[in-house]
Amino acid sequence: MAISKKLRDEDQWLLEWLDKQEQNSVLYISFGTTTSFSEEQIEEITVGLEQSGVKFIWVLKDGDKIHSFDNEKQVKRAELPNGFEERMREKGIGMVVREWVSQVEILGHKATGGFMSHCGWNSCMESISMEVPVVAWPMNYDQPLNALLLTEVLKVGVAVLEWKQSGELVTSSMISTSVKTLMFSEEGGDIRKRIGELGAEVRNSVAEGGVTRMEWDSFIAHITR
C-alpha cells in the first residue's frame, strides 16, 4: 500500500533497507512504549527470531518510567545478547532500532509482511488498515481481548501464547513457531488474504459514501444543527 507521508530524514535508512527486501518478507516487531522484558525473555526472542529465519525490524525501546507514590525509577535499558545486533546487520537479516520510528510508514511498506505486536488498540487498527497480519503477544489492559479478536474472531493473526500462559517465559520455540506459521506457511497465506479483504473494507467504510463516513457525517450534523 502506498503512503503519502514521508519518513523523517533520520529514518530514511530504514526505508532504504526495506526497499531492498522482497514483498511481505519482513516482520516488524514492536511492543509499544510501556512494555519491558527481562534479559532472559529478550534472549528467548533473539533465539526465536534466528530460528525462524525471518527478516525483521525490531523496535526495542526502553519501557516508560515506573511511578509510585514516593519515587520514580527508570526501567533498566534493554540489553541484547553480545554480537546479536552486529550479526543480524552483517547478514542483512534484521535491524534493531532503539529510537522512535513511524510505525504506520513501516507497516505500509510493501516489504512488511507481519507485525509482532502487544495488540494495543491503535496497533490493531493500524495493522488492519495497512493489511499486515499479526503475531499476537498481548501483555495487559485491553490487549488480551484485542488479541482474541484478531486471532479467533477476525482470523487475521496467530497467537504466540494463550492468555492462561501469561506471566510464563515465552520460549524461543513458541516465538519461532508462531513467526514461521504467519510468514511462511499456507495458513499464513490464508491469513494474509483475509486481512487484505478486511483492510479494503475498513478503508471503503471511511471513504466518501462509506458506512462509517456517513455515520460520522450524520453525528456531526446532529450536534451542530
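Without hydrogens or angle criteria, Arg203 side chain to Gly199 main chain gives a donor-acceptor distance under 3.5 Å. Side-chain atoms of Ser129 never come within 3.5 Å of backbone atoms of Glu126 as a donor-acceptor pair (strictly under, hydrogens ignored). Under the 3.5 Å distance criterion, the side-chain polar atoms of Ser218 are left unmatched by any main-chain donor or acceptor of Glu215. Checking side-chain atoms of Thr35 against main-chain N and O of Phe31 turns up a donor-acceptor pair under 3.5 Å. Using a distance-only test at 3.5 Å, with no hydrogens or angles considered, no donor-acceptor pair links the side chain of Thr177 to the main chain of Met174. Between the side chain of Gln41 and the backbone N or O of Ser38, no donor-acceptor pair lies under 3.5 Å. In terms of modelled atom types and a separation under 3.5 Å, the side chain of Arg98 and the main chain of Val59 share no donor-acceptor contact. The backbone N or O of Glu162 lies less than 3.5 Å from a partner atom in the side chain of Gln165, making a donor-acceptor pair. The backbone N or O of Gly120 lies less than 3.5 Å from no partner atom in the side chain of Asn146, so there is not a single donor-acceptor pair.
Asn24 approaches Met183 most closely through the heavy-atom pair O-CE, 3.6 Å. Taking both residues in full, the closest heavy atoms of Val96 and Glu85 are given as CB-OE1, 3.7 Å, listed atom of the first, atom of the second, then distance. Here the closest non-hydrogen pair linking Thr151 and Ala159 is CG2-N, 3.9 Å. Of all heavy-atom pairs between Glu44 and Val170, the closest is CB-O, 3.4 Å. Closest of all the heavy-atom pairs between Pro138 and Ala147 is CG-CB, 3.8 Å.
Distance check: Cys124 SG to His118 NE2 gives 8.0 Å after rounding to the nearest 0.5 Å. Atoms CZ and CZ, from Arg89 and Phe84 in turn, are 10.5 Å apart once rounded to the nearest 0.5 Å. Once rounded to the nearest 0.5 Å, the distance linking OG of Ser117 with CG of Leu107 reads 8.5 Å. Atoms CG and SG, from Asn140 and Cys119 in turn, are 11.5 Å apart once rounded to the nearest 0.5 Å. Annotation: the span from Leu150 atom CG to Leu145 atom CG amounts to 11.0 Å, rounded to 0.5 Å. Atom CD of Gln143 is separated from atom OG of Ser123 by 8.5 Å, given to the nearest 0.5 angstrom.
Ring-plane geometry between Trp216 and Phe219 is classed as tilted, the angle between the planes lying from 30 to 60 degrees on a 0 to 90 degree scale.
For the pair Val179/Leu27, a side-chain contact is recorded, criterion being any heavy-atom separation below 4.5 Å from C-beta on. Contact annotation: the side chain of His109 never approaches that of Val104 to less than 4.5 Å [non-hydrogen atoms, C-beta and beyond]. Residues Ile220 and His222 fail the side-chain proximity criterion, which asks for heavy atoms closer than 4.5 Å. Within the 4.5 Å cutoff, the side chain of Val54 has no heavy atoms near those of the Val26 side chain. Contact check for Glu50 versus Arg87: side-chain heavy atoms found under the 4.5 Å cut-off.
Few gaps surround CG on Asp19; more than 12 heavy atoms of other groups in view lie less than 6.0 Å from it. Annotation for Glu40: atom CD does not count as buried by contact number, only 12 or fewer foreign heavy atoms lying within 6.0 Å. Counting heavy-atom neighbours within 6.0 Å of Glu86 CD, excluding the residue itself, gives a total above 12. Within a 6.0 Å radius of CD in Glu43, no more than 12 heavy atoms belonging to other residues, nucleotides or ligands are found.
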Inset, instruction - Apply side chain to side chain contact (heavy atoms under 4.5 Å, CB included) to the pair Leu149 and Trp121, showing each step before the final yes or no. - result: CA-CA 11 Å; Leu149 174 65; Trp121 187 243; 3.9 Å; yes

Legend entry - Verdict with reasoning, Glu79 to Ile42, per side chain to side chain contact (heavy atoms under 4.5 Å, CB included): CA-CA 8 Å; Glu79 298 295 342; Ile42 288 175; over 6 Å; no

Legend entry - Working for side chain to side chain contact (heavy atoms under 4.5 Å, CB included), residues Gln103 and Phe115: CA-CA 10 Å; Gln103 179 162 289; Phe115 179 16; 3.8 Å; yes

Inset, instruction - With side chain to side chain contact (heavy atoms under 4.5 Å, CB included) as the test, would you mind laying out the steps for Thr46 and Trp58 before giving the verdict? - result: CA-CA 10 Å; Thr46 62; Trp58 182 3; 3.8 Å; yes

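Ion pairing between a basic and an acidic side chain is recognised when a charged N comes within 4.0 Å of a carboxylate O; Glu131 and Arg192 show no such pairing. Electrostatic pairing of Asp217 and Arg213 counts as a salt bridge here, judged by a charged N lying under 4.0 Å from a carboxylate O.
In the hydrophobic clustering of this structure, Ile93 groups with Leu49; members are Ile, Leu, Val, Met, Phe, Trp, Tyr whose side-chain heavy atoms approach within less than 4.5 Å, directly or through other members. Hydrophobic clustering keeps Val47 apart from Phe184 (ILVMFWY residues linked when any side-chain heavy atoms are closer than 4.5 Å, directly or through intermediates). Hydrophobic clustering keeps Leu148 apart from Met116 (ILVMFWY residues linked when any side-chain heavy atoms are closer than 4.5 Å, directly or through intermediates). Under the 4.5 Å side-chain contact rule for hydrophobic residues, Val206 and Met214 do not share a cluster.
For the side chain to side chain contact (heavy atoms under 4.5 Å, CB included) with Val156, the lone residue among Leu154, Val153, Val158 that qualifies is Leu154. Screening Ile106, Val132, Val135, Leu18 against Tyr28 for a side chain to side chain contact (heavy atoms under 4.5 Å, CB included) leaves a single residue, Ile106.
Between the side chains of Gln21 and Lys55, at least one donor-acceptor pair of N or O atoms lies under 3.5 Å. If you check the side chains of Ser205 and Thr212, you find a donor sitting under 3.5 Å from an acceptor.
In this structure, the ring of Trp137 has its center less than 6.0 angstrom from the ring center of Phe37.
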